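Only a predicted model underlies this, so the values are computations on that prediction, with no experimental measurement involved. Proteins come first, then strands; the chains are lettered A, B, ... in the order of their sequence lines, and each starts at number 1.
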Amino acid sequence: MPAVSETIETVQSVTEGAYKWGFHTDIEMDYAPKGLNEDIVRFISAKKDEPQWLLDWRLKAYRMWLKMEEPRWPAVSYPPIDYQDAYYYAAPTKPAPKSLADVDPELLRTYEKLGIPLKEQAWLAGVQPDEGEERERLPIAVDAVFDSVSVATTFKDRLAKEGIIFCSISEAVHNHPELVRQYLGTVVPQGDNFYAALNSAVFTDGSFVYIPKGVRCPMELSTYFRINAKSTGQFERTLIIAEEGSHVSYLEGCTAPMRDENQLHAAVVELVAMDDATIKYSTVQNWYPGDAEGRGGIYNFVTKRAHCRGARSKVSWTQVETGSAITWKYPSCVLLGDDSVGEFYSVAITNNRQQADTGTKMIHVGKRTRSTIVSKGISAGRGQNTYRGLVKVAPAASNARNFTQCDSLLIGDQCGAHTVPYIENRCMTAKTEHEATTSRIAEDQLFYCRQRGLSEEDAVGLIVNGFCREVLKELPMEFAVEAQKLLQISLEGSVG
Amino acid sequence: MLKIEGLTAEIDGKAILNGIDLEVPTGELHAVMGPNGSGKSTLSYVLAGREGYEVTGGSATFDGQDLLAMEPEERAAAGLFLAFQYPVELPGVGNANFLRTALNALRRSKGEPELDAMQFLKVARERMRALSMPDDMLKRGVNVGFSGGEKKRNEVLQMALLGPRMAVLDETDSGLDIDALKIVADGVNAMRGPAFSALVITHYQRLLDYIVPDRVHVLVGGRIVKSGGPELAKALEASGYASVQAAA
């Protein structure tokens, strides 16, 4: 159909310019020598003034990594990665700031440019929003990670009043070693997979969250990751622990400058939810996707997993993946506690030459555990989008339930959508359901919208947002709006 | 207002319209009647600019503007509205969001300020009450899970909200029971006035009992074979299309 071919052009005409976060900040950096070996691992550990046990832990991971191989099963292709040709540590030279006032203004400007609020003074001083503002915006506590280090964390004191710990993981290693030691690597062990092992050896920073028993976190917590330096990888490690009856909503966002080279981002996120605890983890992933020909972009090879250890605990993953050249990521839930609940809501867009192999794993161990998976894949240009998911029910997980829905939307005729669901059910009383659809933006839908006066671009945006609605509504309000805009920008082009 | 001269069009190389001459002056409502396959829907799509409908000759102007040179959204902005025979479903897109986006797109093109959500809801609710539509129609996905009658009423609601200068109604009566037919007819009649024109395309005379046209044209084999006053529709009902076909 001619209208469809026009849409393809629309989508193909997306240029580098469409990525609005591609700038680079000039700031003096401290690097580790290029390459990876035991000395680099020691160097990172020493830089961070870590205790011996953590260095040993890293070295063990490094030795495991040496014997491991990159996973070859994902439906993505890329040239071999030279792990010796990258920097594993890059940090602004200035010493770690004690407070926001000490943060390098250049860094503050960078985050301001990205729309990330790193100001808390107004809130701390009790300044109320001006009258006439639509509504009071709730404060959001932010941990800002710049290349290898956390440069600022806001609202720490306010949170500390509730007994909540929200800080960089390096800080937690020093101030709360017993907690870090107790939980680190218990959800994603060092040898879990190739990238998790690499991360365990060289992880540099990330966020640490601890919510004490019975506490409902009074604000959204968020970490904002920024890769800035050239030829560096980013290896952050996030650990969130929600004690009995606690509740937390956490959001991460990420961007990177536009570069011709591919940069590796191999993060590990571990979540632990005890009895009746709820963790809501939302991601708006907007790493640089590379240009229209597939030059540059981030390799996003990430391991995210939650342990629902307690009875009636609940973990909900929501992700909107619009960036990265390649995404390899399966946020998972191990449902150990009886009546625990795991949820996965995902939107993944691949445009131009982007590739995504993403999905989830729901492992049912406890009785009456329930999981819901809603995955929306959108492929445009020459993008390749694979949903890969595993639903596993152990013999003891009586009356476990799973519902999976995978929908794919194709824009144009050079892209691909693939659905690879694995279901392993070893329990007679468990029920699993799987629904999958693949559709195109139909010519009649576009014509209908245009007849009502919408431009073709707005029509595509409207239809795509409609397609993703079930997932977007899971995001915290303010981020949902941001995500909607992001979806539109990801598919933006010039019409006529 | 709308002036069509010698219009010919084809789909996939097959000629469907074979030289249409038709003029609808401002403020008038004309009916186009014809048997199945006579080119009724093709005419409406060609006027609205749907791709795949190749114009091979002739002209169509709207207030003197060359309609055929415009993009579909430009035609909408100029004030042309097509009520679809089969309204399209847009899953996940809220009806309110869709209507407001469309209305604001038209307002932008006219240099008028856009309506925010509250202003829009106020206007929309008023129109809906006039069309006996329940408020929850705004919350539902565009046409998703709507009955045939609801879809057609939704088309009329859109027309009422967007306030076009000319509406083409493509078999809006098909699949409607008598109550729904009356509601739709009331919606169209409410629009009538010196600044509004309409082209009502229908297979049956029934609709014209409720929407009385100024002129009736009979479309057979991609040509207007006969034109007359409202009485022509009644005569057709009695004698059938075969009589005009034979005459043509």
Is the side chain of A:Q354 donor-acceptor paired with the backbone N or O of A:T322 at a distance under 3.5 Å, no angle test? yes
Contacting region of B:P87 [heavy-atom separation from chain A under 4.5 Å]: both
Against chain A, label B:A48 side chain, backbone, both or neither, depending on which of its atoms sit under 4.5 Å from a heavy atom there. both
Should the heavy atoms of other residues, nucleotides or ligands under 6.0 Å from OH of B:Y86 be counted, would the total exceed 12? no
Could you check whether atom CZ of B:R50 has more than 12 heavy atoms from other residues, nucleotides or ligands sitting under 6.0 Å from it? yes
Under 4.5 Å from a heavy atom of chain A, the part of B:D12 involved: neither
Check the side chains of A:E220 and A:S282 for a donor-acceptor pair under 3.5 angstrom, ignoring hydrogens and angles. no
Portion of B:E89 that has a non-hydrogen atom of chain A nearer than 4.5 angstrom: backbone
Does one side chain, of B:T8 or B:T56, offer a donor that lies under 3.5 Å from an acceptor on the other? yes
With a 4.5 angstrom heavy-atom cut-off, could you sort out which part of B:R75 is near chain A: side chain, backbone, both or neither? neither
Top contributor to chain A contacts, counting heavy-atom pairs under 4.5 Å, from B:T101, B:L80, B:V88: B:V88
Under the criterion side chain to side chain contact (heavy atoms under 4.5 Å, CB included), I'd like the reasoning laid out for A:K329 against A:T283: C-alpha separation, chi angles, the key distance, then a yes or no. CA-CA 12 Å; A:K329 172 179 169 186; A:T283 303; 3.7 Å; yes
Would you find a donor on one side and an acceptor on the other, under 3.5 Å apart, between the side chain of B:R153 and the backbone of B:I183? no
Under the side-chain hydrogen bond (donor to acceptor under 3.5 Å, both in side chains) definition, can you give me all pairs with a residue in residues 460-470 of chain A, not counting sequence neighbours? A:K376-A:E470
Below 30° counts as parallel, above 60° as perpendicular, anything between as tilted: where do the rings of A:Y448 and B:F84 land? perpendicular
Whatever's closer than 4.5 Å to a heavy atom in chain B on A:C468 counts as neither
Can you tell which of B:K152, B:E171, B:K151 makes a side-chain contact (heavy atoms from CB on, under 4.5 Å) with B:L176? B:K152
Sort by residue number and list every member of residues 102-123 of chain B having a non-hydrogen atom under 4.5 Å from chain A. B:A102, B:A105, B:L106, B:R108
Where does B:L162 contact chain A at under 4.5 Å (heavy atoms): side chain, backbone, both or neither? side chain
